[in-house]
Undergrad: 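Please see the structure below; I have some questions.
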Protein chains: 2
Amino acid sequence: MTTKENAKSAPRPRGRPRAFDMETALDTGQRLFHASSYEAVGLAALTDALGVKPPSFYKAFGSKSEFFEQVIERYAQAALALDEILLPGRAPVDALAELLESAARTYARDPQRRGCLVLEAARGPDGDDSATHARRVANQRRDRIREFVARTHPERASAVTDFMASTMSGLSASAREGMDESRLLDVARTAVAGLKAQLGMD
Amino acid sequence: MTTKENAKSAPRPRGRPRAFDMETALDTGQRLFHASSYEAVGLAALTDALGVKPPSFYKAFGSKSEFFEQVIERYAQAALALDEILLPGRAPVDALAELLESAARTYARDPQRRGCLVLEAARGPDGDDSATHARRVANQRRDRIREFVARTHPERASAVTDFMASTMSGLSASAREGMDESRLLDVARTAVAGLKAQLGMD
DNA sequence: CATTTTCTTTAGTGGTCACTACAAAATCCT
DNA sequence: AGGATTTTGTAGTGACCACTAAAGAAAATG
């Protein structure tokens with residue numbers, strides 16, 4: 001309480017102020033990576049798009065893969081919010097059906113950024129940092145599905161989660177290859193029919 | 001009939017004979033690409049594994065992407081032969097169930113070469129030659145599935161084929177992320193339950 | 001034998017990759 | 001004003017990428 005301090009504004013740091021907004025940069029990076037892929041977006045293209053020279057980028061984010069880590073964490077938080085779909089008490093079949101259909105719609109929505117940024121990045125080279133981060137984020141979301149299903153169907157939770165994970169990967173891949181929204185929705189609905197066989201028809 | 005000619009052996013060509021076997025090279029290349037990916041196997045690693053220097057490789061195959069084109073054509077011919085599964089007269093649900101379960105087994109069989117070489121390559125950069133070739137080969141196989149289904153269910157053929165394509169991509173992706181054979185088989189069987197809803201229970 | 005043809009070898013090519021050493025510029029603190 | 005601190009722009013780094021020019025070596029042909 002010695003000097004003025006507001007809840008929001010951080011006290012101005014000491015040295016030269018950063019000349020660009022990191023959130024905007026993450027957003028631009030997300031668009032770039034989603035449009036093609038982590039590997040396909042070189043540092044030159046990235047820094048050009050951000051309007052930032054490489055040394056500034058590295059001061060701010062550490063490395064390309066650390067930048068990407070922040071990007072996918074942001075993306076996973078924003079896209080397909082599980083909280084709004086996996087509501088406690090809701091019938092799993094209904095919730096998972098909505099999740100698959102939402103995925104179908106989301107993956108085809110923007111023709112320039114098809115599929116799921118996380119799931120596509122998870123297919124990168126096995127030892128790569130970007131793929132490792134993406135798989136970690138994907139697995140966190142799968143854990144939430146498993147926990148949700150386990151509340152009502154503890155015995156089927158793992159099998160159902162595997163099926164959801166595989167189906168979402170398939171939807172993302174198909175979206176990337178150009179399958180449009182209505183076809184993806186048909187795929188999702190056929191998958192839901194499979195889910196009903198696992199979880200009961202309700 | 002002027003000189004000796006056998007049905008099998010081509011008459012020795014004129015210049016210095018090739019010092020390696022192209023079929024063996026394609027086979028080795030297939031293993032390498034399948035173990036990691038087209039992009040991850042550099043020309044140096046490739047030619048080292050083949051025991052062949054770059055200029056010989058280029059004389060024989062033209063380019064890395066042309067070599068890969070031959071590799072995936074070979075692979076598509078050998079793995080998961082559709083002729084043996086999509087038998088005319090067979091109930092589509094049965095045939096497609098066998099196809100999905102065979103895929104699950106095949107994709108997990110060799111822990112060092114998980115998933116489908118073609119489907120994984122089909123996810124490469126959009127403009128890339130390797131991805132273009134892989135998608136062409138994948139679509140040829142999807143056409144055969146569509147034709148097979150259309151014989152008995154012409155109205156559902158496209159939707160069923162989309163679901164098969166998406167599910168196979170999902171199985172391949174899951175295999176790549178480490179899902180073992182029994183889990184992949186469970187996923188395949190759940191997908192078959194979805195197929196039955198589309199094609200009738202039989 | 002010499003010539004022609006084809007492949008193999010040696011030794012590179014330019015291009016792109018992620019990343020950085022260094023010094024100038026912009027801010028805060030005393 | 002005079003440091004102290006942090007970010008900036010300039011200008012590169014070495015490593016790897018797919019690929020190749022040039023010359024030597026191995027075969028068939030004449």
Side-chain angles (χ1 to χ4, degrees), chain A residues 2-5 9-25 29 32-33 36-71 121 124-125 127-133, chain B residues 2-5 9-25 29 32-33 36-71 121 124-125 127-133:
Chain A
T2 53
T3 57
K4 65 170 178 184
E5 24 181 80
S9 74
R12 256 288 189 87
R14 221 141 156 289
R16 175 173 180 169
R18 204 183 310 279
F20 65 99
D21 179 44
M22 292 179 71
E23 289 298 313
T24 308
L32 277 180
F33 288 136
S36 46
S37 73
Y38 176 76
E39 293 83 16
V41 178
L43 210 78
L46 187 53
T47 52
D48 278 4
L50 302 184
V52 160
K53 304 278 164 62
S56 301
F57 176 86
Y58 280 91
K59 261 297 172 210
F61 297 108
S63 71
K64 187 191 173 192
S65 83
E66 287 171 279
F67 176 74
F68 184 68
E69 194 173 359
Q70 289 190 241
V71 165
D128 205 88
D129 277 345
S130 66
T132 304
H133 293 323
Chain B
T2 51
T3 56
K4 65 170 176 183
E5 25 182 79
S9 75
R12 259 283 190 90
R14 210 135 161 322
R16 174 170 180 171
R18 185 164 284 123
F20 64 98
D21 179 44
M22 292 179 72
E23 290 297 314
T24 309
L32 277 180
F33 287 135
S36 46
S37 71
Y38 176 76
E39 294 83 15
V41 178
L43 211 77
L46 187 53
T47 52
D48 279 2
L50 303 184
V52 160
K53 306 275 165 64
S56 300
F57 176 85
Y58 281 91
K59 264 290 170 207
F61 298 107
S63 71
K64 188 191 172 191
S65 83
E66 287 170 280
F67 177 73
F68 184 67
E69 194 173 358
Q70 290 189 241
V71 164
D128 205 89
D129 277 345
S130 65
T132 304
H133 294 323

Undergrad: Does the dT6(D) base have a donor-acceptor partner in the side chain of Arg14(A) within less than 3.5 Å?
TA: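 Answer is no: no donor-acceptor pair is held.
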Undergrad: Ignoring the backbone of Pro55(A), work out which of dT6(C), dG9(D), dT7(D) is nearest its side chain.
TA: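 Out of dT6(C), dG9(D), dT7(D), the nucleotide with an atom closest to Pro55(A)'s side chain is dG9(D).
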Undergrad: Between Ser65(A) and Lys53(B), name the one whose nearest nucleotide on DNA chain C is closer to the 5' end.
TA: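 Result of the comparison: Lys53(B).
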Undergrad: In terms of side-chain heavy atoms of Ser63(A), which of dA26(C), dC19(C), dA26(D) is nearest?
TA: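 Of the candidates, dC19(C) comes closest.
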Undergrad: Which label fits Phe61(B) and Phe67(B): parallel for a plane angle under 30°, tilted from 30 to 60°, or perpendicular past 60°?
TA: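 Perpendicular: the ring planes of Phe61(B) and Phe67(B) meet at over 60°.
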Undergrad: It should be established whether Tyr58(B) places a side-chain nitrogen or oxygen under 4.0 Å from OP1 or OP2 of nucleotide dC19(D).
TA: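 Indeed, a polar side-chain atom of Tyr58(B) lies that close.
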Undergrad: Roughly how many Å is it from CZ in Arg18(A) to P in dT27(C), rounded to a whole number?
TA: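 To the nearest whole Å, that distance equals 14 Å.
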Undergrad: Would Phe57(A) and Leu46(A) count as a side chain to side chain contact (heavy atoms under 4.5 Å, CB included) here? Give the steps.
TA: CA-CA 9 Å; Phe57(A) 176 86; Leu46(A) 187 53; 3.9 Å; yes
Undergrad: Could you tell me whether the phosphate oxygens of dT7(D), OP1 or OP2, come under 4.0 Å of any side-chain nitrogen or oxygen in Ser56(A)?
TA: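 Indeed not, no polar side-chain atom of Ser56(A) lies that close.
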Undergrad: Quick one: sort the Phe33(B) and Tyr38(B) rings into parallel, tilted or perpendicular, breaks at 30° and 60°.
TA: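 The arrangement is tilted - the two ring planes meet at 30° to 60°.
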Undergrad: If I compare all heavy atoms of Arg18(A) with all of Ala60(A), which pair ends up nearest, and what's the gap?
TA: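 Shortest heavy-atom separation between Arg18(A) and Ala60(A) comes out as NH1-CB, 3.4 Å.
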Undergrad: Are any of Arg12(B)'s side-chain N or O atoms less than 4.0 Å away from OP1 or OP2 of dA28(D)?
TA: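 Result: yes.
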Undergrad: For Lys64(B), which contact category applies under a 4.0 Å heavy-atom criterion: base, sugar-phosphate, or nothing?
TA: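 The residue Lys64(B) makes sugar-phosphate contact but no base contact.
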